[in-house]
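See structure below.
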Amino acid sequence: MIRRGLAVAAGMVVAGAVLAPLPAHAGTDVAAAASPLGKKPFSYSYSEGYCFYSKPLKKAMKVRVSGKLRYVRNAYKFNRGIRVRFHDPTLIEPKLTLTTATKCSGGRAARVSKARIFQLWYDWNCKSSVSIVLGRGSQFGVSLSGTRSCGRTKVASRTTGYGAGSGFVQENTGAPVGWSWGGDGKGIKKGGKICVRGDAGAIAWTGNRSDTVVKPLKVCVPASYKGLS
């Protein structure tokens with residue numbers, strides 16, 4: 001089963017530019033207030049998740065990923081206009097949480113005997129040739145692994161196990177995972193987005209019973225044209 005394979009995978013990558021509906025996010029661009037031309041960094045928050053009700057465990061498993069997606073915009077004069085390229089998206093503090101409860105909507109906390117949670121990221125269009133860059137101190141690993149959306153491809157992932165409880169948090173401080181877009185990045189038109197594709201999942205145990213869930217998520221943030229005509 002692919003769910004188990006993902007749970008023990010050690011690898012994942014980051015995303016590209018899909019013109020998809022924009023998920024809920026709190027955007028804060030961090031570009032300097034100087035000339036809009038040249039290379040400038042931008043950073044936007046993201047938060048995506050889902051809930052799965054396990055009949056064997058009689059508990060809801062609420063999985064959520066959150067953090068920031070940072071990238072570099074390079075704007076430069078080209079012929080009579082301006083060419084815009086976006087480079088090297090990077091996951092900043094990609095957090096993963098699992099909450100177990102009596103039901104998906106509302107309800108109360110429901111303890112499980114133990115849990116294991118995992119997040120796995122890869123190129124949004126499934127290119128295995130894209131380089132993955134792990135930041136200093138990263139606890140992620142990189143490997144060729146199975147994904148929910150793209151089959152076997154190069155991924156960056158992290159898996160963490162926990163004891164009894166009803167709330168589990170995997171923190172990843174810093175900028176542990178980056179995706180190299182090559183020499184000149186990607187040209188994205190106004191209104192376009194930069195996206196991260198990943199799988200997020202969990203295994204929970206109650207006594208001698210366990211259940212597993214994993215779903216693909218796509219996180220998109222605006223490709224900023226701020227300050228450009």
Side-chain angles (χ1 to χ4, degrees), residues 6 11-31 36 39-52 62-75 83-97 118-133 135 140 147-151 153-158 170 172 174-182 184-201 213-228:
L6 285 172
M12 93 191 198
V13 100
V14 175
V18 173
L19 297 182
L22 181 63
H25 69 277
T28 305
D29 70 57
V30 293
K39 291 186 176 181
K40 300 193 180 297
F42 292 83
S43 178
Y44 290 87
S45 298
Y46 66 86
S47 179
E48 286 290 333
Y50 63 88
C51 184
F52 167 76
K62 302 178 182 181
V63 178
R64 179 161 294 276
V65 293
S66 61
K68 292 183 178 181
L69 181 60
R70 184 184 67 197
Y71 59 85
V72 174
R73 183 190 76 191
N74 186 20
R83 174 169 287 179
V84 181
R85 293 288 185 257
F86 298 92
H87 297 252
D88 304 335
T90 303
L91 285 172
I92 308 297
E93 299 179 356
K95 183 178 179 180
L96 174 64
T97 63
F118 51 93
Q119 54 180 317
L120 180 154
W121 301 100
Y122 43 97
D123 181 16
W124 72 274
N125 60 0
C126 307
K127 290 184 178 179
S128 60
S129 60
V130 177
S131 298
I132 303 171
V133 180
F140 281 80
T147 71
R148 295 288 293 180
S149 303
C150 300
T153 189
K154 189 184 298 181
V155 300
S157 70
R158 186 183 174 201
Q170 184 193 86
N172 296 286
V177 179
W179 182 34
S180 176
W181 265 355
D184 197 28
K186 300 284 184 178
I188 303 172
K189 295 180 179 180
K190 287 185 179 180
K193 300 171 179 68
I194 294 174
C195 299
V196 173
R197 188 185 293 276
D199 297 340
V213 64
V214 56
K215 291 187 178 182
L217 297 172
K218 184 167 63 178
V219 176
C220 297
V221 301
S224 179
Y225 273 72
K226 182 178 180 180
L228 300 174

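Quantities reported herein were computed from a predicted structural model and do not represent experimental measurements. These numbers come from the heavy atoms of this one structure, side chains and all, not from hydrogens, waters or symmetry mates.
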Kindly indicate whether the side chain of Tyr44, heavy atoms from C-beta on, has any atom under 4.5 Å from the side chain of Pro222.
yes

All heavy atoms of Val63 vs all of Ala200, minimum pair found to be CG1-CB, 3.9 Å

Specify the closest pair of heavy atoms between Phe42 and Ser224, including all atoms of both residues, with the distance to one decimal.
CE2-OG, 3.2 Å

Any non-hydrogen side-chain atom of Lys218 less than 4.5 Å from a side-chain atom of Trp124?
no

Listed partners of Ala223 passing side chain to side chain contact (heavy atoms under 4.5 Å, CB included), at least two apart:
Phe86, Ile188, Ile194

Can you establish whether the number of heavy atoms outside Lys62 located under 6.0 Å from its atom NZ is more than 12?
yes

Can you confirm whether Phe140 sits close enough to Leu91 that some side-chain heavy atom of one is under 4.5 Å from a side-chain heavy atom of the other?
no

Keeping the roles fixed (side chain from Arg73, backbone from Lys226), state whether a donor-acceptor pair exists under 3.5 Å.
yes

Distance from Asp199 atom CG to Leu217 atom CG, nearest 0.5 Å?
7.5 Å

Is the closest side-chain heavy-atom distance between Tyr46 and Pro94 below 4.5 Å?
yes

Would you call Pro216 and Arg197 a side-chain contact if the rule is heavy atoms closer than 4.5 Å?
no

Nearest heavy-atom approach of Tyr50 to Val214 is OH-CA, 3.8 Å

Out of curiosity, Cys220 SG to Glu48 CD, how far, rounded to the nearest 0.5 Å?
8.5 Å

Look up atom OG1 in Thr97 and atom CZ in Arg64, then write down how far apart they are to the nearest 0.5 Å.
7.0 Å

Which atom names give the shortest non-hydrogen contact between Ala175 and Ile92, and what distance separates them?
CB-CD1, 3.4 Å

Between CD of Glu93 and NZ of Lys68, what distance do you get to the nearest 0.5 Å?
7.5 Å

Heavy-atom closest contact (His87 atom, Asn74 atom, distance):
NE2-CB, 3.7 Å

Under 3.5 Å donor-acceptor, Gln119 side chain and Val65 backbone:
no

Residues forming a side-chain hydrogen bond (donor to acceptor under 3.5 Å, both in side chains) with Ser149, sequence neighbours excluded:
Tyr122

Taking salt bridge (Lys or Arg N to Asp or Glu O under 4.0 Å) as the definition, give me every residue that meets it alongside Lys95, ordered by chain and number, with sequence neighbours left out.
Glu171

Can you tell me how far the NZ atom of Lys39 sits from the CG atom of Asp88, to the nearest 0.5 Å?
8.0 Å

Identify the heavy atoms of Ser128 and Lys154 that sit nearest to each other, and give their distance.
O-CE, 3.0 Å

Do Thr153 and Asp123 come close enough that some side-chain heavy atom pair is under 4.5 Å?
no

